[in-house]
Enquirer: 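Can you keep this structure in mind? I'll have questions shortly.
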Number of protein chains: 2
Amino acid sequence: MSVTAAKGFTASGIAAGIKENGNPDLALVVNNGPELAAAGVFTSNRVKAAPVLWSEQVLKGGLVSAVILNSGGANACTGPKGFQDTHATAEKVAEVLGQNAGEVAVASTGLIGLLLPMDKLLPGVEQAAAQLSEHGGEKAAIAIKTTDSVHKTSVVTGTGWTVGGMAKGAGMLAPGLATMLVVLTTDAAVESDALDRALRAATRTTFDRVDSDGCMSTNDTVLLLASGASQVTPDETEFAEAVRKVCDDLGQQLIRDAEGASKDIKVEVVNAASEDDAVEVGRSIARNNLLKCAIHGEDPNWGRVLSAIGTTRAAFEPDQLNVAINGVWVCKNGGVGEDRDKVDMRYREVHIVADLAAGTETATIWTNDLTADYVHENSAYSS
Amino acid sequence: MSVTAAKGFTASGIAAGIKENGNPDLALVVNNGPELAAAGVFTSNRVKAAPVLWSEQVLKGGLVSAVILNSGGANACTGPKGFQDTHATAEKVAEVLGQNAGEVAVASTGLIGLLLPMDKLLPGVEQAAAQLSEHGGEKAAIAIKTTDSVHKTSVVTGTGWTVGGMAKGAGMLAPGLATMLVVLTTDAAVESDALDRALRAATRTTFDRVDSDGCMSTNDTVLLLASGASQVTPDETEFAEAVRKVCDDLGQQLIRDAEGASKDIKVEVVNAASEDDAVEVGRSIARNNLLKCAIHGEDPNWGRVLSAIGTTRAAFEPDQLNVAINGVWVCKNGGVGEDRDKVDMRYREVHIVADLAAGTETATIWTNDLTADYVHENSAYSS
């Protein structure tokens with residue numbers, strides 16, 4: 001269902017020849033209205049790809065009529081020519097669809113530092129436009145894959161309205177592993193300001209807390225487009241919760257498909273003095289390579305959790321820290337707790353709870369283990 | 001030569017039975033004076049091992065008569081009993097040597113969360129004291145190894161005085177991988193304040209800029225002991241430079257022996273607006289797992305260098321960044337530069353230069369590649 005689950009949207013996904021292996025590599029999502037309200041969130045990396053620079057400008061207007069997305073090339077670190085290519089792509093979409101190029105968002109993913117093959121991409125836009133369909137969401141989701149093993153889609157339905165979306169990548173918005181591209185659509189009648197609030201609130205606790213390997217992409221893009229085709233304006237809280245659910249679901253799918261991972265690790269920080277403390281501690285644990293190796297080896301190594309906590313500025317006393325791994329409190333009051341042999345780590349999901357004993361705030365960061373497969377995949381794949 | 005290269009010091013290294021495999025695991029370094037001046041630098045991790053908490057107190061007095069170091073157990077996250085054990089170890093050394101326990105520094109390395117086998121350690125202290133020798137530096141260096149494949153020592157000679165030292169570990173002081181323990185000795189007549197200045201200045205640009213995997217230990221300790229036995233007080237600048245050289249040499253040895261590494265990566269940041277900017281950028285590049293994988297695959301992936309730079313707060317313009325890998329400027333002005341096929345990456349040392357084009361400051365961070373061997377070693381070894 002993906003981006004065409006909501007009324008008012010058509011989409012397509014085709015093989016334009018950008019990828020040398022002939023796999024699908026160009027997706028088009030079109031908002032047929034009646035409204036064109038939109039919001040976007042982009043990478044916080046200061047080295048931004050040309051399509052990010054372009055789409056940030058487009059989103060300032062609050063209106064998006066179409067999104068063109070390619071895999072097979074990030075168009076990052078490509079200088080003025082790269083930006084011209086993004087501009088030309090938007091112009092081509094606008095020309096074919098009879099729209100305004102200033103309302104066409106562009107997203108790219110793939111190798112950094114290579115110019116896109118415009119002789120293939122521009123004819124591909126015509127082909128993608130010709131195949132636009134109310135059932136094209138699935139094909140669009142497939143066309144944006146790079147190292148993804150599966151395509152990712154999600155849909156949440158409200159009373160008379162729907163929020164749907166697609167995602168590629170395995171990582172987080174800021175920072176992010178590889179590139180994360182997400183397009184969400186809704187037929188709810190919501191103005192761009194409210195879309196922006198809902199999207200920022202949702203990404204803050206979902207994509208922003210998915211931290212597969214701590215690396216931030218130059219291309220991360222999350223867009224939310226509203227057609228208003230349902231003619232229903234939902235309660236703002238209800239709508240925001242639907243957007244959050246779709247983001248959360250897609251974020252979980254990203255983690256489960258992270259490069260080379262054999263474990264999905266839920267790092268839950270509890271009893272923090274502030275939410276910022278909880279996030280800082282969670283991220284520090286999630287990025288600790290030694291711990292990520294230990295989890296890969298099914299070793300409930302709470303000492304590495306404490307080492308990671310100790311590098312943060314969060315409020316805590318070392319002798320009051322508690323750590324549970326898969327329900328067993330292996331560390332109590334900063335020292336040895338329950339028998340670590342009780343911890344069952346055979347399953348893919350691993351749940352670490354870090355209790356800071358310093359307040360009442362909480363945050364959850366999702367990450368993966370560090371594996372030889374991750375090394376192999378990222379040693380061989382130039383991206 | 002190690003810690004006994006300077007006059008006034010004796011040392012020993014023995015197998016006390018702390019390590020189950022029977023390898024040497026206890027080292028003793030004694031300052032026979034006439035002076036006992038000392039300085040120390042410790043991990044900045046807020047979760048500090050018992051011996052760090054103890055030795056920080058000892059060093060406040062500026063006098064150290066002996067250092068007892070064990071491998072085979074970190075005595076970290078071991079609560080009040082762990083601290084009592086450290087205290088008892090210092091008391092035992094003082095008793096055997098006829099010294100003051102408040103002048104005995106203690107350092108430990110190995111597994112976190114386990115109490116030390118005091119029934120083996122305390123008799124080991126007597127054995128180590130019995131074997132003290134002016135030629136014992138090498139044996140001491142061997143006894144502090146954990147996953148180190150070789151022991152590390154270094155000596156620099158001034159006019160009538162000497163600075164020597166030993167190190168174990170593969171990482172950095174703050175933060176550090178595994179535990180880094182370093183003992184430096186000198187027969188120069190230098191007071192503790194001057195020792196402290198020299199040691200802090202040296203570690204700031206040596207051990208602090210060795211960042212094998214971004215993980216910070218609970219036990220990192222660097223001590224500098226001066227016996228005054230040469231009866232020479234060197235020029236402060238000359239002495240500080242000798243200390244820096246020994247630290248630099250030992251730091252290089254740590255990097256070359258880092259767990260699982262196949263490449264030693266020198267990340268040199270040039271033309272930064274400030275030294276802090278240069279260090280922040282260097283560290284961000286050095287910790288980028290995707291780049292470390294690429295270097296392992298001998299892929300001169302400058303896009304990942306730019307992505308890493310982009311996550312920092314340093315002053316730079318994306319379209320003015322330049323990156324050289326092994327002498328080839330593969331990225332110029334934020335985009336494609338010289339032909340990446342010109343980059344020869346067959347050798348163990350890889351040199352990355354990141355030119356921020358924002359000033360005149362510079363900093364160099366040393367790191368390693370990320371390999372399947374690193375994952376294997378740290379999945380199987382609970383530390």
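As the structure is a computational prediction, the values presented were derived from the model and not from experiment. A, B, ... follow the sequence lines: proteins, then strands. Residue 1 opens every chain.
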Enquirer: Flag the one option from I295(A), N288(A), L291(A) with the top tally of heavy-atom pairs under 4.5 Å to chain B.
Expert: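 Max contact count across the listed options: N288(A).
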Enquirer: Of all residues at least two apart in sequence or in a different chain, which pass the side-chain hydrogen bond (donor to acceptor under 3.5 Å, both in side chains) check with T367(A)?
Expert: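 By the side-chain hydrogen bond (donor to acceptor under 3.5 Å, both in side chains) rule, T367(A) matches K292(A).
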Enquirer: Is a donor on one side and an acceptor on the other found under 3.5 Å between the side chain of S379(A) and the backbone of C293(B)?
Expert: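 Yes, S379(A) side chain to C293(B) backbone: donor-acceptor pair under 3.5 Å.
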Enquirer: Report yes if some heavy atom in the side chain of L306(A) is under 4.5 Å from a heavy atom in the side chain of T218(B); otherwise report no.
Expert: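 Counting from C-beta outward, L306(A) and T218(B) never come under 4.5 Å.
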Enquirer: Flag the one option from S307(B), C331(B), A74(B), G82(B) with the top tally of heavy-atom pairs under 4.5 Å to chain A.
Expert: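 With the most close heavy-atom pairs to chain A, the winner is S307(B).
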Enquirer: So does T312(A) get a backbone contact from the side chain of R46(B), meaning a donor-acceptor N/O pair under 3.5 Å?
Expert: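 Yes: the side chain of R46(B) pairs with the backbone of T312(A).
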Enquirer: For D319(A), is it the side chain, the backbone, both or neither that has a heavy atom under 4.5 Å from a heavy atom of chain B?
Expert: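 Contact with chain B: none, neither part.
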Enquirer: If you count heavy-atom pairs within less than 4.5 Å of chain B, which of A294(A), A76(A), S284(A), P80(A) leads?
Expert: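 Most heavy-atom pairs under 4.5 Å with chain B: A294(A).
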Enquirer: Please examine the side chains of N289(B) and Y374(A), heavy atoms only from C-beta on, and report whether any two atoms are closer than 4.5 Å.
Expert: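 A side-chain contact under 4.5 Å exists here.
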Enquirer: Which atoms of L321(A) come close to chain B, meaning under 4.5 Å heavy atom to heavy atom: side chain ones, backbone ones, both, or neither?
Expert: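 For L321(A), the contact with chain B is made by the side chain alone.
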Enquirer: Highest number of heavy-atom pairs under 4.5 Å with chain A: which of G79(B), A314(B), A308(B)?
Expert: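 Heavy-atom pairs under 4.5 Å are most numerous for A314(B).
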Enquirer: Search all heavy atoms of V336(A) against all heavy atoms of G113(B) and return the closest pair with its distance.
Expert: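 Closest approach of V336(A) to G113(B): CG2-O, 2.8 Å.
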